[in-house]
Structures are given as structure tokens and as C-alpha cells.
2 protein chains.
Amino acid sequence: MTSISSVQIRYSWASDPMSDQKTTSDTRERILDVAERLFMENGYEATSMRTITSAAEVNLAAVNYHFGSKEALLCEVFRRRLAWLNQQRLQALDELEAQAAGAPLKPSQILEAFFGTLLRMGEDPSLGGMTFLRLLGRTLTEPAEFIRTFFAGEYAQVIDRYKLALFRALPDVPKAEIVWRLHFMLGAMSYAIAGTDVLQVVTGCELGDLAGESADDPGDTALARRLAQRLMPFLLGGLRAPLPQFHELPFPSPPTPPPRGGRGDS
Amino acid sequence: MTSISSVQIRYSWASDPMSDQKTTSDTRERILDVAERLFMENGYEATSMRTITSAAEVNLAAVNYHFGSKEALLCEVFRRRLAWLNQQRLQALDELEAQAAGAPLKPSQILEAFFGTLLRMGEDPSLGGMTFLRLLGRTLTEPAEFIRTFFAGEYAQVIDRYKLALFRALPDVPKAEIVWRLHFMLGAMSYAIAGTDVLQVVTGCELGDLAGESADDPGDTALARRLAQRLMPFLLGGLRAPLPQFHELPFPSPPTPPPRGGRGDS
DNA sequence: ACTTCGATCAAACGTTCGTTTTAATGTTAG
DNA sequence: CTAACATTAAAACGAACGTTTGATCGAAGT
């Protein structure tokens, strides 16, 4: 219910008639908002242009006019949020490192800067709220080529910075191990967000009980805050878990031939 | 290349002409094998019936004849693996509890029974190997209704048993907290598996270096083993992490401002 | 030998997809 | 007023989708 009334157009030109950016019609923003929600609810492939444009109450051709294609629409849905998010993440790391004055940061500080920045987006509906967080978590596993290359470009810089910060924060942990655990942490967070209604069924609906009612905004906001409180200790515990003891292969230094080669019947 | 020659049909009737099961044509199995791989590579929606049937070298109508619909095909792809997997999981828990003689199990034992059983499937190509594991990880976030209800039914029993085992293993931890962390662990594992080529790009391809060459079977087998060695300590560390201290809101009461972080760690 | 029946086949079904085209609209500048 | 422009509207495009149909094949069954 009330599916369209929550669009809340900004109308910045109404209070700022001097704006020279009248070319940016609100059709664009309305398409982006609706596409963000529908892509989250149904997935990219299962959401048709006609569903998007009719829900946004715009013409079918509007998407191709403003964005060029359906693929470009999805990328733009992410770009307008990820640009801000990853800039915030870099800025948060900058401030932490400046105030540490050369000393390595604490792992908890790094995780707070990376994951806390994201989870705080889930509390702010004007930044996409939980809708965007869920969409992000679900889309990260999409196998489509253009999505993977898009995310690779958007995340390359921020991941590299945080990786180096973790290397310095945990000098005794092998770098490969840190990369693996960064991988695990990203997965735990993405799934926890994306699956709040998928794995809830699996885990017996107890998360749903804790998440409060299914109201549009306050429920999601509370969920984001509660999720952050639960997730951060888990991630920190996993990151600092005792290392696995290897009988062999701490790193692939020797050009090890594939064990049990056999003749390839491929 | 050589995409079809790796089907390796069994031909059990060739050496066992007494088999009364001639009705089970190998067409069924060939469709399931090919569909499993293509659904993993492209996702469910982006994989067409024509792609599946032509790759399996069967007629287009064969899927509808043997399975009824595309949705039923996906469910059958999972059912033939999940039935065995979850039965193994229940059996592993039964044996652990029988040998514990009433005493609560150790968390590491429970995690090993649940996640180790799955990860060992990744080492056995006859059980689907990493192809099935990746498909499982990616499909768990699919928003389609029939997929969610299917998984809910397949996982209900095993999740409930393991949840209770964790409750008894960690009597001092609130049950809601355990459910959350079970949620996080499932996510970390699923993403780590599903994203071995997605998040690899994000994390800088160092996991790919560790995973060895891109050979079909030995690479995946080695990856599954290495993944298990890395993942289990992480999950255990997260599960046993110190509990978050709540200054307020064990339930949603006031609109709390964002808590000023910066408490010491370690 | 004829029937039966499950399995496979080619061909077509109607629908929906993303995109394009062409015309009409409203606004801005000269 | 008009020319130029950016935006929206309606309609259609060809292609691809999941599914269904009716014929054909081949190996039991009586």
C-alpha cells in the first residue's frame, strides 16, 4: 500500500529559481527511485522496463531516453549511491589515519569506517535506506558480466586502501589470510542485509520478530541500527580469530603442478 | 571450449543389462547436469530453455516433458543434491550427540558438521563439486517467490536441529544473538563460495592466485579444501565473539542518535 | 503382427522482452 | 512570433521467451 506516495520529489528549483539545471527533470529521479526498489524486490532480469516505467508513471521510452539502456539504468542506480558511499569511506579512513599520526589503526576502527559507513546509509531513507542496502547485497552476486566489471571499477580504490590499512593493523597475520577474511566479512554483511527476508525463513522468523513491524521507514531504520550492533562484533571476532595451522602451503611460492594430474579427458 | 564433452555419461545399463530402471533415461541426468552449470554461470532468469537443451544436446521440449516447467527444473537441480546434503548433516549431528552422551557439543563440532559437510561436497565432482556450491550460494539470494519457499522447505528441519544444538552449546549467549550469528555465518560461507570470481575482482585477484589454475576439476577441489581451512576459524571466531553491550534498546524504544563509537578494543 | 506407451522430435503457439521510430508537446531564446 | 531545443507520448519493431502440439520412433506386452 502507498507504493507511489513515498516518492517524495525534491523540487529544488521551486525554492531556487536561479538554478541553471532545469534540464534535470524529476522524471530521471523518479525512474531511479522506482528502479532501485523494483530491482531489489524482483532482481534485475525479472524486472521489465514496462514494470519500471508504469510504476514510475512515465513513458516507456523515458528510460532509453535518459539512460540509454536497461543496463545503463542499473549502473546509474548504483553510481549515484556508491559514489557518495565510497567517498565517505575514503574520507573516514583519511581522518582516522591523520589522527593516528602514522601509527597503525586498530582493526575495530577500520571495520567501523568501512561497514559502519555503509550501515548508516540504511538508516537514512534519503540515501536509499535499506532498499539500497538490500539491492547492493543481492546484486553483488549477479553473474552478469557488465555488473561485475562495473562493481570492480567502483570498488577498486576503496578496497585497496582498506586492504593496506588492515595489513598495517595486523602485521602478524599473513596478507593472504587478511584478504580471505575481508572476503568473508563482505559476505557476512552482504548476506545479512540481502537476506533479511530470505534467510529469515530459514532461520525461523526470529529475526523478523526482532526487526519490528513491517512499516516502511521506521522498521528499516531500526533494523539497520540493530544489524550494525550485532554485525560488528561478529566481524571483529572473525577477523581476529586464531590462524589455521597449515601443514603445508602457506603461500604458492613454488610453481606447484596440479596434484593428481592424470591425462586430461576434458 | 570443450563445453559439452565433459558430460561424461554413466551408461550403467551397459554393464548391467538386468537393470529394471531403463525408464530413467540419461536425458534427465544430462539436463540436470547442464542446467546446474548454466544456472550457476548465468543465473536462473538469464538462462533460457533453448540454451540448456542445446547444450545438453536434447530436444527443446525435453525439459517440459521430464520436469514440467523451468521452475520445476531448478527445484529438481537442487533437490537431488540438497536431499543428500541435509541428510548427511542430520546424521553427522546425530552421531556427535550420541557420542557426547547428553553433554552439550562444542561449537567447533557443530560448525564442522554443518559447514564441513557442505564444503566436502565441493571436493567431490560426483556430488556437484564447486559448481553446485556456487549455484547454491548465488541462488539463496534470488528474490523469486518459488525459490524462497522451496529453500524454506528443504532447510527447515536441518536449521532447526542445528539451532537447538547451538543453543545448548552456548547457554550463556542469548538465543536471538545465536540466530543472528548463524545468519552471519551462512552469509559468510555463501558469499565466499558464490563470489570466488565476483569478489575476487573486488579483493584484488589474490584469491585467484591462491586457487591455482583454472583447470576444471583439480582447481575446484583444491579451492574447496583451502576454503574450508580458511573459513572455519573465521566462523568460529565470529560465533564466539564478545557480545555487544547494549546501553539501551534491547528493543526499539527511543529514536537514539548514532552512538559515538571509539571504545577500546582488544 | 498388431497394439501400447513412454520418449523424442520438428514446428509452431501466443506472449513479452528491450529498443526504436515518429509525432506531439511545452519551454526558452532571438 | 518563430525557430530551436529538450522532453514526453503513442505505436510499432524484430527477437527471444516458456510452453504446447501432433507426428514419429522403438522397444515391450498379449
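Naming: A, B, ... by sequence-line order, numbering from 1 per chain.
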Rounded to whole Å, the CZ-P distance (B:R30 to C:dA7) equals 14 Å
A:F150 meets the ring pair (Phe, Tyr, Trp, His ring centres under 6.0 Å) criterion, sequence neighbours left out, with none
Sequence neighbours excluded, the answer for salt bridge (Lys or Arg N to Asp or Glu O under 4.0 Å) partners of B:E45 is none
Contacts of B:E29 meeting side-chain hydrogen bond (donor to acceptor under 3.5 Å, both in side chains) (sequence neighbours excluded), chain-then-number -> B:R80
From NE2 of A:H66 across to C1' of C:dG18 the rounded distance in Å is 17 Å
Between CD1 of A:I31 and C1' of D:dA9 the distance, given in whole Å, is 13 Å
The contact string for nucleotides 15-20 of chain D, one letter per nucleotide 5' to 3', using protein heavy atoms under 4.0 Å with B, S and - for base, sugar-phosphate only and none, comes out as --BBBB
Sequence neighbours excluded, the answer for salt bridge (Lys or Arg N to Asp or Glu O under 4.0 Å) partners of A:R50 is none
With a 4.0 Å limit, can you tell me whether B:T27 has a side-chain N or O closer than that to the phosphate oxygens OP1/OP2 of C:dT8? yes
A:Y65 OH to D:dA9 C1', in whole Å, measures 13 Å
Per-helix bend value, the helix from C:dA1-D:dT30 to C:dT27-D:dA4, C1' rotation axes over five pairs per end, 10° rounding, shows 10°
To the nearest angstrom, the CZ-P distance between A:F67 and C:dT19 comes to 13 Å
Applying side-chain hydrogen bond (donor to acceptor under 3.5 Å, both in side chains) to B:T51 and not counting sequence neighbours gives B:S48
Residues at least two apart in sequence or cross-chain that pass salt bridge (Lys or Arg N to Asp or Glu O under 4.0 Å) with A:E41, listed by chain then number, are A:R37
From CG of B:D26 across to C1' of C:dT8 the rounded distance in Å is 12 Å
Residue set satisfying salt bridge (Lys or Arg N to Asp or Glu O under 4.0 Å) with A:D124, at least two apart, ordered chain then number -> none
Exercise. Please check if the distance between the ring centroids of A:F146 and A:Y44 is under 6.0 Å.
Key: yes
